[in-house]
Amino acid sequence: MDTQTTPPSPRSDFIRDIVAADLREGRHETVVTRFPPEPNGYLHIGHAKSICLNFGIADEFGGRCHLRFDDTNPVKEEQEYIDSIMTDVRWLGFDWGEHLYYASDYFEQLYEWALHLIREGKAYVDDLSAEEIRAHRGTLTEPGTPSPWRDRSVEENLDLFDRMRAGEFENGARVLRAKIDMASPNINFRDPVMYRILHVAHPRTGDAWCIYPSYDFAHGQSDAIEGITHSICTLEFQDHRPLYDWFIENLPVPAVPHQYEFARLNLTHTVLSKRVLLKLVNEGHVRGWSDPRMPTLSGIRRRGFPAEGLRDFAGMIGVARADSVVEIEMLEHAVRDVLNRTALRRFGVLDPVKVVIENYPEDTVEHMEVVNNPEDESAGTRTVPFARELWIERDDFMEDPPKKFFRLAPGREVRLRSAYFITCTHVVKDADGRITEIRCTYDPETRGGNAPDGRKVKATLHWLSAAHAVPAEVRLYDHLFASPNPGSGGSDLFEDLNPQSEVVLASCFVEPSLAEVPVGQTVQFERLGYFCPDPDSAPGAPVFNRTLTLKDTWAKLQAQGRQDA
RNA sequence: UGGGGCGUAGCCAAGCGGUAAGGCAGCGGACUUUGGAUCCGCCAUCCGUAGGUUCGAAUCCUACCGCCCCAGCCA
């Protein structure tokens, strides 16, 4: 559930400026955008940027945004991806209403338009093989040479194209090409392929077709059919814009959409290439597409990131045309910001060590009232059982503490959150010298966590009654790739995988109320971080994923070797 | 040595001829029953470089440098 306390300030960027001007100056009455995924994989956080842009603009300017599947290549596309994409867009918080479309809905119209270009002498059937076409295309610095089939008669082209559709030819035997300019410095103008033969069943049209339009021949016309006003895509399509416009100008389309390009998202410590993500899954480096370390929206969701955090992030990074790599800390900040306001606080002990309170009665259990969220009074309080034997975090005790270690140590008094002040008297160790028990006394006057005499402690610890704590598995997640720019400098991406990206702790404890937290809800384990139940949880065997740690200045000091500074 | 883009702080990013917003990160400090959160302060004499125009340039002009994209019957 999302709560809106800090709506991201409506950001202005060059695309929103264009939309605003077009509306102001009457070029359009309402803005219509579209998010056009190809259903050949799972959506990732890069797509989230585009989704937030397209749906965001529609929302802000009172227009609408279509969800359109760009399903022109049945070789790669599957219904499974269509379903997951719709789930992910909805989860992100956007609604396309009844405006769900498929490029495949337009196949018949596109075919008619192809015929139109043939009749105009602006398209022809080419018998060249793929290799031959490539050879004829020329290079970046040399013009191409025309295909020997370039000047076929309109009648012959019509006949051949009709037979292509009828299935008379093998895959790759012929293609339909636009007849533009084999010498153009823009390679996209060197007679681009409009249709190819693919004897492959399509997830939506089945085997109704064996010729399929290319992206270039489908995208702009689909935009025109839907009345898209601003067709927003990423930078690598810039060189296609003249071709996009060429088809629109040369076809009797019902509207004139325009394409605008922005820089795609890059994030440190992660990779957003479909090829690499697929390899991570196929080679078993992760637990599948929805692994909590994956940058996929399904992975991010399983990790416990709230959709609102992603939307805020999209607003923070802006939209521009300069290639950039956003530090993942920005995403983490956006997520922490939401979670800090919304997440319920709970107690969990990841690396337990026993505390025995020597002057606390053996058979007593108290139910301490604990605040659910200090940032949100309406979240109320809960009750946590307290008794003589407790679990605390092993890290929260040091026998010989450095100067800046404020937690428990021999002779030192600290507060157990919402419970009592305790003072360590001594420790018990096993034969290997490992601490097995920390013996303490408590001050009955400090119930709730305050001393009537006003004395202070320097630390507050989380704790769990050993008799009541629920065993749990906790999976600690960190960046999938160790270096900020994996694979840069020609290094092998997979060498860069962070071996610590998932650390499974099998023997943790959580407070009893955590048994009721549903998958999808992220809570804060006080002083540790944000965690959420994983779908792998079983009755009586909960599994929690660490979404993010809390910021930790002590850990930072340790990392810097400044504990004694 | 073709074409298309882009260069403002460690990162993202405003700025559109009148003298460098904001956020992230970082650093100090205050406060704190989460070493969390919050709060306060610091962090670009300078906008890829060099010239030019102008009373005045990150914004205009010229040249140069650097980076990205394009030679799929992928999108």
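Below, read A as the first sequence line, B as the second, and so on, with proteins coming before strands; counting in each chain starts at 1.
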Check whether the aromatic ring of A:Phe237 stacks on the base of B:A75, taking stacking as ring centres less than 5.5 Å apart and planes within 30° of each other. no

Tell me whether the OP1 or OP2 atom of B:U34 has a side-chain N or O from A:His462 closer than 4.0 Å. no

What's the verdict on salt bridge (Lys or Arg N to Asp or Glu O under 4.0 Å) for A:Asp13 and A:Arg16, showing C-alpha distance, side-chain angles and the deciding distance? CA-CA 5 Å; A:Asp13 54 63; A:Arg16 277 177 244 252; 2.7 Å; yes

Using a heavy-atom cut-off of 4.0 Å across all strands, would you classify A:Asn40 as base, sugar-phosphate, or nothing? nothing

Using atom C1' of each nucleotide, how far apart are B:A20 and B:U59 to the nearest Å? 11 Å

If I pick the C1' atom on B:U32 and the same atom on B:C68, what distance separates them, to the nearest angstrom? 48 Å

B:U32, OP1 or OP2 - any side-chain N/O from A:Thr460 closer than 4.0 Å? no

Using a cut-off of under 3.5 Å, enumerate the N/O to N/O pairs linking the protein to nucleotides 39-41 of chain B.
none

Provide the distance between the two C1' atoms, one in B:G4 and one in B:A13, to the nearest whole Å. 24 Å

Distance below 4.0 Å between A:Arg345 side-chain N/O and B:U34 OP1 or OP2: no

A:Arg264 atom CZ: more than 12 heavy-atom contacts under 6.0 Å: no

B:G72 base / A:Arg134 side chain donor-acceptor hit below 3.5 Å: no

Using a heavy-atom cut-off of under 4.0 Å over every strand shown, decide if A:Glu38 touches base, sugar-phosphate, or nothing. sugar-phosphate

Tell whether A:Gln524 reaches the base of B:U34 with its side chain through a donor-acceptor pair below 3.5 angstrom. yes

Return no unless some side-chain N or O of A:Arg137 is found under 4.0 Å from OP1 or OP2 of B:G72. yes

Quick check: any donor-acceptor pair below 3.5 Å linking the side-chain of A:Glu375 to the base of B:G36? yes

Taking the basic N atoms (NZ, or NE/NH1/NH2) and the acidic carboxylate oxygens, is any pair closer than 4.0 Å for A:Glu366 and A:Arg447? yes

Using O4'-C1'-N9-C4 for purines and O4'-C1'-N1-C2 for pyrimidines, with syn meaning within 90° of 0, is B:G72 syn or anti? syn

Between A:Arg196 and B:C74, is there a contact of a side-chain N or O with OP1 or OP2 at under 4.0 Å? yes

Go ahead and name the base partner of B:G2; Watson-Crick or wobble counts if both distances stay under 3.5 Å, otherwise write none. B:C70

May I ask you to evaluate whether A:Lys551 reaches the phosphate of B:A25, defined as a side-chain N or O under 4.0 Å from OP1 or OP2? yes

Under 4.0 Å: is that the gap between some side-chain N or O of A:Lys556 and OP1 or OP2 of B:C27? yes

Determine: side-chain N/O of A:Arg527 to OP1/OP2 of B:G36, distance under 4.0 Å, yes or no. no

Check: B:G3 base within 3.5 Å donor-acceptor of A:Asp239 side chain: yes

Expressed as a whole number of Å, how far does the C1' atom of B:C70 sit from that of B:C47? 30 Å

For B:A75, does either OP1 or OP2 sit under 4.0 Å from a side-chain N or O belonging to A:Thr72? yes

Test for a donor-acceptor pair under 3.5 Å between the base of B:G10 and the side chain of A:Glu327, counting only N and O atoms. yes

Candidates B:C24, B:C12, B:G2 - which lies nearest the side chain of A:Glu329: B:C24

May I ask which nucleotide in the shown strands pairs with B:G28, Watson-Crick or G-U wobble, both distances under 3.5 Å? B:C40

Side-chain N or O of A:Gln560 versus OP1/OP2 of B:G26: is the shortest distance under 4.0 Å? no

Give a yes or no on whether a donor-acceptor pair under 3.5 Å exists between the nucleobase atoms of B:A71, that is its base, and the side chain of A:His136. no

Output, in order, the C-alpha distance, side-chain angles, deciding distance and verdict of salt bridge (Lys or Arg N to Asp or Glu O under 4.0 Å) for A:Glu38 and A:Lys76. CA-CA 9 Å; A:Glu38 183 190 13; A:Lys76 298 178 168 184; 5.6 Å; no

Any idea how A:Tyr195 and A:Tyr111 line up, ring-wise: parallel (<30°), tilted (30 to 60°), or perpendicular (>60°)? perpendicular

So does A:Glu170 have more than 12 non-hydrogen atoms from other groups sitting under 6.0 Å from CD? no

Find which nucleotide of RNA chain B each of A:Asn186 and A:Asp216 is nearest to by heavy atoms, and output the residue with the more 5' nucleotide. A:Asn186

